[in-house]
Asker: 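Structure in structure tokens, see below.
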Protein chains: 2
Amino acid sequence: MAAVVTIKDVAREVGVHPSTVSRALDPARRDRLGEPVVRRVLEAAERLGYRPDVAAASLRSGRSKLVGIVVPDIANPVFSPIISGLERALSARGYALIVADQRPDYAGGNDMVQMLIARRVDGLVLANAALKDGAVERCLQAQIPVVLVNRAEGQARVPSVVSDDMAGITLAVDHLIASGHRRIVHVAGPQSLSTGLLRRRGFVAAMRAAGLDPDEDDIEEAVAFTREAGLPAARALLARRPDATAVVAANDLLALGVYEALREQGRRCPEDVSVIGHNDMPLVDLVSPPLSTVRISHHEMGERTGALLLDLITGTHQGALQIVTSPVLVARGSTQPLEN
Amino acid sequence: MAAVVTIKDVAREVGVHPSTVSRALDPARRDRLGEPVVRRVLEAAERLGYRPDVAAASLRSGRSKLVGIVVPDIANPVFSPIISGLERALSARGYALIVADQRPDYAGGNDMVQMLIARRVDGLVLANAALKDGAVERCLQAQIPVVLVNRAEGQARVPSVVSDDMAGITLAVDHLIASGHRRIVHVAGPQSLSTGLLRRRGFVAAMRAAGLDPDEDDIEEAVAFTREAGLPAARALLARRPDATAVVAANDLLALGVYEALREQGRRCPEDVSVIGHNDMPLVDLVSPPLSTVRISHHEMGERTGALLLDLITGTHQGALQIVTSPVLVARGSTQPLEN
DNA sequence: AGTGTTTGCGCAATCGATTGCACATGAAGC
DNA sequence: GCTTCATGTGCAATCGATTGCGCAAACACT
């Protein structure tokens with residue numbers, strides 16, 4: 001009873017050739033057939049409980065209806081909504097998603113990419129691209145559609161979906177300036193990542209636009225986008241610039257590291273120093289004080305990545321290959337107008 | 001140049017039959033061959049850059065080296081570490097992971113399970129099982145190995161990996177009792193989920209063990225494991241039991257809902273009321289006050305789930321089919337000894 | 001030396017669906 | 001009434017790897 005139903009069973013049932021069933025089941029090829037046959041095939045397939053064997057179809061056609069995503073860390077609250085949005089966009093069109101976690105011990109991550117290519121994925125999403133990334137090369141020469149998400153590449157060789165990082169930081173800086181702050185410093189992210197680089201550039205540009213001219217000492221680069229990396233960076237920065245009244249962090253985790261550094265020094269946030277993050281991760285509204293930040297809709301980025309990739313796979317794409325989403329400012333309790 | 005290398009190419013190169021190459025490449029079947037042949041095949045495969053076609057192998061052998069997981073919400077901080085741990089365990093042994101997000105609009109979620117079965121996954125992980133779950137039926141009759149994680153089923157028909165919920169709640173209750181609390185109430189989770197049910201039972205049992213006898217009014221069931229559901233439940237509970245000095249929440253998100261309810265009523269935590277959660281999600285150490293909770297290692301649960309499932313798939317399993325991990329108490333600022 | 005057994009590898013069928021091509025049927029054109 | 005086409009369906013090869021079976025050579029044994 002649990003015998004698996006194949007296309008032949010359906011063909012026998014209806015009294016047609018298997019190839020006819022194959023065509024009837026494919027909406028794109030359906031119209032080459034007579035309407036009554038199609039109807040009978042569909043009905044029989046339904047009744048017998050036919051499920052196409054993806055492996056067989058994939059072997060013959062070369063298409064797997066599978067998309068791979070490589071992420072640095074699935075559990076990172078930045079990436080999980082991206083995966084979620086992506087999965088939503090893909091499954092709506094019959095594609096499934098393979099998630100590969102980037103092991104830190106494989107520099108470049110070609111390994112995961114190779115694995116996914118060996119699995120004959122129809123497309124690939126890279127959520128971990130560095131500014132110059134070897135994995136991108138591999139995809140390019142494997143002729144496989146690929147979209148970068150969250151982080152872009154140095155040269156825009158491949159499509160990407162990112163937040164407007166420069167604009168986001170500008171939002172943060174302008175918010176502080178509007179509150180009267182002038183001595184504003186920046187905890188930057190790793191400069192090997194587009195997010196780290198662009199946010200730093202954005203910081204400098206926004207400050208200049210306000211007539212301020214930050215120098216090297218106003219910026220400290222954290223080695224990673226983590227709380228752990230944020231703490232020493234913030235310590236160093238606050239030591240160099242004890243008169244700073246506000247800190248712009250390149251992301252929320254770094255901002256939390258700044259919180260810790262301030263606490264160590266017995267300085268209060270926001271009374272002594274305002275702090276603003278970036279991303280608006282879950283729960284940052286509940287930390288103390290509630291973190292002001294710049295909201296990026298990672299879920300939406302995931303969905304748009306999926307849509308773009310599917311268009312690329314089916315060859316129906318038109319429109320921009322570089323999608324940029326607009327961040328919005330979320331002011332909470334960690335920033336306040338400068339007193340006096 | 002980018003021509004894909006098949007097993008035939010390798011065979012021709014070495015001067016043996018394709019079947020020999022197939023055997024030489026499989027460690028399990030390798031020992032049936034002569035050592036020099038194996039060596040030459042391996043060398044040639046490496047040199048030519050041979051990558052097995054998973055679709056073809058899957059079609060013929062019926063094994064896909066693919067495992068599916070169904071989760072209620074990828075972005076939920078409870079599930080993402082599970083996925084992460086699972087992926088780690090699987091990829092170490094050459095399996096890839098397909099993630100399917102459970103749409104709320106499909107009651108029972110058989111749909112996702114069907115999709116995964118149609119993709120010929122070798123095994124399935126269900127992270128969303130209700131106490132009586134139709135999806136489990138499907139897996140059972142599809143004869144496909146399945147492991148439940150995080151939530152167990154009512155009857156233990158299938159293997160599962162869960163935290164010891166009763167023990168966890170006991171930890172929480174005992175911690176409060178040791179701090180002098182007596183009027184302790186419980187915000188329970190949905191009773192249709194094993195986590196909700198067991199934690200509630202655990203609460204009652206632990207209280208009784210301490211010589212206290214909680215009644216219905218000391219417990220309020222939230223409709224979901226969310227902050228949003230926690231708020232009204234906490235409101236109702238605190239209204240019924242205004243003299244309560246401590247609240248045990250069935251998970252951290254509910255505990256945060258309790259925070260909000262207390263704030264509404266102008267009561268302070270922990271001075272007026274102690275609150276303890278469950279799970280130790282990321283960032284709950286940074287909320288105000290830092291949340292005392294019971295730590296569950298979801299990442300570890302994911303890894304053990306993967307190991308168990310692989311054993312089941314390869315038929316090499318021995319040992320328990322119901323794995324229970326031990327939670328630990330994490331006391332932070334939201335609980336304090338009862339004054340006076 | 002002859003028989004029996006093991007070892008090592010080739011042969012060919014097979015998994016289930018897709019697809020280029022061939023062919024039959026009926027309609028249309030002159 | 002015969003050629004020309006269009007339309008709808010069947011035929012069979014094919015994708016790449018796996019695997020049961022069979023056979024030959026090498027070895028063991030009396």
Side-chain angles (χ1 to χ4, degrees), chain A residues 2-42 44-45 48-66 94 117-122 314, chain B residues 2-42 44-45 48-66 94 117-122 314:
Chain A
V4 54
V5 182
T6 77
I7 212 169
K8 283 186 187 170
D9 300 320
V10 178
R12 190 176 325 110
E13 179 80 7
V14 181
V16 295
H17 194 270
S19 64
T20 304
V21 175
S22 173
R23 286 186 262 255
L25 259 21
D26 179 358
R29 233 177 297 281
R30 219 206 286 301
D31 51 4
R32 315 275 301 160
L33 296 186
E35 187 272 332
V37 182
V38 172
R39 193 162 27 78
R40 282 164 53 216
V41 169
L42 256 31
L48 298 181
Y50 168 74
R51 302 280 160 193
D53 185 313
V54 198
S58 165
L59 173 59
R60 173 61 225 237
S61 67
R63 288 171 259 115
S64 62
K65 290 267 197 173
L66 232 38
I117 291 178
R119 285 199 176 265
R120 305 292 191 267
V121 294
D122 290 344
T314 56
Chain B
V4 54
V5 183
T6 78
I7 212 170
K8 282 186 187 171
D9 300 320
V10 178
R12 193 177 320 112
E13 180 80 6
V14 180
V16 297
H17 194 269
S19 65
T20 305
V21 175
S22 172
R23 287 187 261 255
L25 259 22
D26 179 0
R29 232 177 298 280
R30 218 205 290 300
D31 51 3
R32 316 275 303 159
L33 296 187
E35 186 271 332
V37 181
V38 172
R39 193 162 26 79
R40 283 163 53 216
V41 169
L42 257 30
L48 298 181
Y50 168 74
R51 301 281 160 193
D53 184 314
V54 198
S58 165
L59 173 60
R60 173 61 226 239
S61 67
R63 287 170 262 115
S64 62
K65 291 264 196 175
L66 232 37
I117 290 177
R119 285 197 177 265
R120 304 292 191 265
V121 294
D122 290 344
T314 56

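By convention in this document, chain letters (A, B, ...) are assigned in the order of the sequence lines, proteins followed by strands, and residues within each chain are numbered from 1. Just so it is clear, the values below take in all heavy atoms, side chains as well, and ignore hydrogens, waters and symmetry mates.
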Asker: Name the closest nucleotide to the A:Thr6 side chain, picking from D:dT19, C:dG16, D:dG10.
Answerer: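 Between D:dT19, C:dG16, D:dG10, the one nearest the side chain of A:Thr6 would be C:dG16.
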
Asker: Side chain of B:Arg23 only, please: which of C:dG10, D:dG10, C:dG16 is the nearest?
Answerer: C:dG10

Asker: Using a heavy-atom cut-off of under 4.0 Å over every strand shown, decide if A:Val37 touches base, sugar-phosphate, or nothing.
Answerer: sugar-phosphate

Asker: Donor-acceptor check, side chain of B:Arg23 to backbone of B:Arg30, threshold 3.5 angstrom: yes or no?
Answerer: no

Asker: Report yes if at least one side-chain N or O of B:Tyr50 is closer than 4.0 Å to OP1 or OP2 of D:dG16; otherwise report no.
Answerer: no

Asker: For the pair made of CZ in A:Arg119 and P in D:dC15, what is the distance, rounded to whole Å?
Answerer: 22 Å

Asker: Shortest non-hydrogen contact from A:Val41 to A:Val10?
Answerer: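 That would be O-CG1, 4.1 Å.
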
Asker: Is there a donor and acceptor pair closer than 3.5 Å between the side chain of A:Arg51 and the base of C:dG16?
Answerer: no

Asker: With respect to the side chain of A:Ser19, which nucleotide from D:dT18, D:dC11, D:dC15 is positioned closest?
Answerer: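 Nearest listed nucleotide: D:dC11.
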
Asker: Hey, does the side chain of A:Ser61 come within less than 4.0 Å of C:dT18's phosphate (OP1/OP2), counting only N and O?
Answerer: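 It does not, given that no N or O in the side chain of A:Ser61 lies less than 4.0 Å from OP1 or OP2 of C:dT18.
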
Asker: Classify the nucleic acid contact of B:Arg63 as base, sugar-phosphate or nothing, counting any heavy atom under 4.0 Å across all strands shown.
Answerer: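 Sugar-phosphate: the residue B:Arg63, judged by heavy atoms under 4.0 Å, touches backbone atoms but no base.
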
Asker: So do A:Asp53 and A:Thr6 actually touch side chain to side chain, heavy atoms under 4.5 Å?
Answerer: no

Asker: Nearest whole angstrom, please: distance from the P of D:dA17 to the CG of B:Leu59.
Answerer: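 In whole Å, D:dA17 P lies 12 Å from B:Leu59 CG.
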
Asker: Give one of base, sugar-phosphate or nothing for A:Val16, where a contact means two heavy atoms less than 4.0 Å apart.
Answerer: sugar-phosphate

Asker: Of B:His17 and A:Arg60, whose closest DNA chain D nucleotide lies nearer the 5' terminus?
Answerer: A:Arg60

Asker: On DNA chain C, nearest-nucleotide positions of B:Pro18 versus B:Arg120: which is more 5'?
Answerer: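 Between the two, 5'-proximity favours B:Pro18.
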
Asker: Ignoring hydrogens, what is the shortest heavy-atom contact between B:Leu66 and A:Arg119? Give both atom names and the distance.
Answerer: CD1-NH1, 3.2 Å

Asker: Can you tell me which nucleotide in D:dG10, C:dT19, D:dG16 comes closest to the side chain of A:Ser22?
Answerer: C:dT19

Asker: Name the residue closer to the 5' end of DNA chain C, choosing between A:Ala55 and B:Gly34 according to the nucleotide with the nearest heavy atom.
Answerer: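 Of the two residues, B:Gly34 wins.
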
Asker: Nearest nucleotide by nearest heavy atom, which residue falls closer to the 5' end of DNA chain D, B:Ala56 or B:Arg29?
Answerer: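 Result: B:Ala56.
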
